[in-house]
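The structure appears right after this line, and notes come after that.
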Amino acid sequence: VFFSSVRAMSLDIEDLALPEATSTPCSRHMLSPAELSSVREALLAWYNENKREMPWRRSDWDQVRAQADEEGLSNAAYSVWVSEIMLQQTQVATVRNFYTKWMERWPTIPALAAASVDDVHQMWSGLGYYSRATRLHQAAQMIMEGLQKTGGGHHAAGVVPHSADEWQQRIPGVGAYTASAVASIVFNERKGVVDGNVVRVLTRLRGIGANCKADAVVKHLWRLADQLADCDCPGTVNQAVMELGSLVCTPKQPACQACPVRHQCHACASAPPPALQATTTTSRKRKPANKIPPPSTLGLLDKMWKRTGSSMSVDSDGDRHSSLQRASENDDAVEQEEKQEEEEEGSSRPTSQRQCSAVGKETEKGKEREDLPVGRGASEDGDEVVFERSACAPNCSFRHPAAQPSVCDYPFKAPKKKKREEYYDVLVLSAGTRPAEHKFLLQQRPASGLLAGLWEFFTVPTQTKKKDLAQALAEAHGVRVAATALAPCGSVKHVFSHVVHHYRLFCCHLDQEVELSSADGVAMLAKAQVLKAAIGTNVRKIVKEHGKHCARC
């Protein structure tokens, strides 16, 4: 019964010699009350016209909060919570199907709490960051126990906290971002959110050029996000900012002309995006300004998100300090996917989309936009508001290190550390007299660490000789094979967020059944069972590579 369920720039901002630099940003990097009102109003109007339909999104939260009891409200919060956990480091297009299947199988907190950890891992297989699934499952069980083990007071069984602070303190795997997202969307708490999309929008909007992962910058971004969410609909504002970062304010070739807050954006006013610079410097003849398309004509943005997807949350599993830190593993971030994403981001978009980035030469009332010292917007009462675009103070530590940064130079990030590389030998061991009855040896990984609790073929650090691999198998599981029976069958490279694994594959087939020294954490499974088990993407790649080289298994 048990086995049937198994399944940019090289310069670091910290190195710059800024005169009397302080960690306090100058007024350029803040939002005045008038700007807050105008930006918020523009975001909400844009979001109402352009938001994507998502299975986890709903527009009747006021009605839910008014009519649902605590249990019903908790299960509504669960639906948002699951989506936010899945969206950590995973594209929206990928999450859609996983989310739908998950909610069909476990629509409530009690349903998830009653599931087995193997079933949870099997359902999560392919999403990566498997510790997210483990902690989500653990949290559901703790909620059904009334959160008795987390301190801070007892809750009724199946009832979740309402405040972001309590979510972060008492729910495993929930950091600042997820806590604020759930609390603002479901319980209407006035808390902002900061994820990768929000970082990009806010650093460009306020011209914040310091390292976006520095503590002072992180705190300031949260302060700005909280200010934006300080209104009657904080959850909607938070979703609007994230949606803007996903659809318009993209990492490369942002559609600035379609942006509802372009008039208040410091990055947009300082320098045009690279695509515009290339087109506007080729001719001295002034071209007519591109008209800003109304929200109703922004259907191209829906195509854009399908091409690029969205990685909405950057919330570490259980991390309580910074939502900008990344989790420790990503099974889904394989080398081929990273290469494909780079190609998609760098590819040329249709002419209409490239034109959306052309804001630097946009004319307004007879003047070129790049010469305008002000931005214009509308206040909540509909009156036009004019904002001064002040220069950054000479001693401000939030200045961008580049002399004239473009939109795409924000946010500024320190150079990434090179991923360490590790090498492993993998033995695909099969046994059985008839091909249809062949079974494969799988072992379970430790309960903590990378790919915790998942199943894999026999895997050990790369050995010098094949006899060492055979000896390691005998010592681990009591299965003895001759070194000469180990046949090479290809290799696999798999990229995680922080490490690269290189697998050297061997296969071996035994005609007789295998007797294991222990049934704890090891199993012999048919190929169909292997593919249905809780295995990572790296193991699926190994199965595919093995099939190319070994016809007998």
Side-chain angles (χ1 to χ4, degrees), residues 1-7 78 81-90 94-144 171-174 178 313 315-318 327-334 426 439-459 494 496-497 499 501 519-544:
V1 176
F2 171 77
F3 291 132
S4 65
S5 67
V6 175
R7 25 149 204 80
Y78 164 73
W81 174 28
V82 170
S83 72
E84 294 297 345
I85 296 297
M86 285 187 173
L87 286 163
Q88 293 171 11
Q89 300 300 304
T90 310
T94 301
V95 169
R96 279 175 174 264
N97 291 334
F98 277 93
Y99 177 84
T100 301
K101 293 178 181 178
W102 180 285
M103 295 304 293
E104 287 175 352
R105 185 165 185 180
W106 302 304
T108 63
I109 295 174
L112 176 60
S116 71
V117 67
D118 284 316
D119 285 344
V120 170
H121 282 163
Q122 191 277 331
M123 178 67 75
W124 199 272
S125 180
L127 270 178
Y129 287 89
Y130 290 89
S131 57
R132 296 181 297 175
T134 302
R135 289 177 176 172
L136 188 60
H137 183 234
Q138 291 173 345
Q141 294 176 330
M142 293 171 63
I143 291 170
M144 293 307 299
I171 306 297
V174 172
T178 302
S313 295
D315 202 1
S316 300
D317 286 335
S328 60
E329 82 257 7
N330 184 358
D331 180 59
D332 203 32
V334 295
V426 177
K439 292 187 177 181
F440 296 82
L441 185 147
L442 264 71
Q443 63 185 17
Q444 192 171 28
R445 292 184 62 84
S448 60
L450 183 66
L451 305 177
L454 299 188
W455 292 80
E456 64 183 4
F457 296 110
F458 181 68
T459 304
H494 188 76
F496 297 89
S497 62
V499 63
H501 280 188
D520 186 21
V522 62
M524 296 296 296
L525 301 178
K527 187 173 183 179
Q529 291 177 302
V530 171
L531 296 176
K532 292 181 180 179
I535 59 176
T537 305
N538 59 330
V539 176
R540 295 185 185 277
K541 292 171 69 175
I542 290 172
V543 170
K544 184 177 181 180

Query raised in the report: Atom CG of Leu87 and atom CZ of Arg96: how far apart are they, to the nearest 0.5 Å?
Result: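 Here the interatomic distance stands at 10.5 Å.
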
Query raised in the report: What is the minimum heavy-atom distance between Met142 and Pro172, and which atoms define it?
Result: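 For Met142 and Pro172, the tightest heavy-atom pair comes out as SD-CG, 3.3 Å.
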
Requested in this report: State, to 0.1 Å, how close Val530 and Ile535 come at their nearest heavy-atom pair, and which atoms those are.
Outcome: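 Looking at all heavy atoms of both residues, the shortest contact is O-CD1, 3.5 Å.
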
**Report entry** Under 3.5 Å donor-acceptor, Arg132 side chain and Leu127 backbone
**Finding:**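 Answer holds: yes.
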
Could you tell me if the side chain of [Y] sits less than 4.5 Å from the side chain of [X], heavy atoms only?
{"X": "Tyr78", "Y": "Ile143", "value": "no"}
{"X": "Phe496", "Y": "Leu451", "value": "yes"}
{"X": "Phe440", "Y": "Leu525", "value": "no"}
{"X": "Leu450", "Y": "His501", "value": "yes"}
{"X": "Leu442", "Y": "Gln529", "value": "no"}
{"X": "Trp102", "Y": "Leu136", "value": "yes"}
{"X": "Phe457", "Y": "Val543", "value": "yes"}
{"X": "Leu454", "Y": "Trp124", "value": "no"}

Report task. Taking side-chain contact (heavy atoms from CB on, under 4.5 Å) as the test, write out the residues that go with Gln138, two or more places apart. Result ->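 Partners of Gln138 by the side-chain contact (heavy atoms from CB on, under 4.5 Å) criterion, ordered by chain and then number, come out as Thr134, Arg135.
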
Query - Stepwise side chain to side chain contact (heavy atoms under 4.5 Å, CB included) check, Thr90 with Phe98 - result: CA-CA 11 Å; Thr90 310; Phe98 277 93; over 6 Å; no

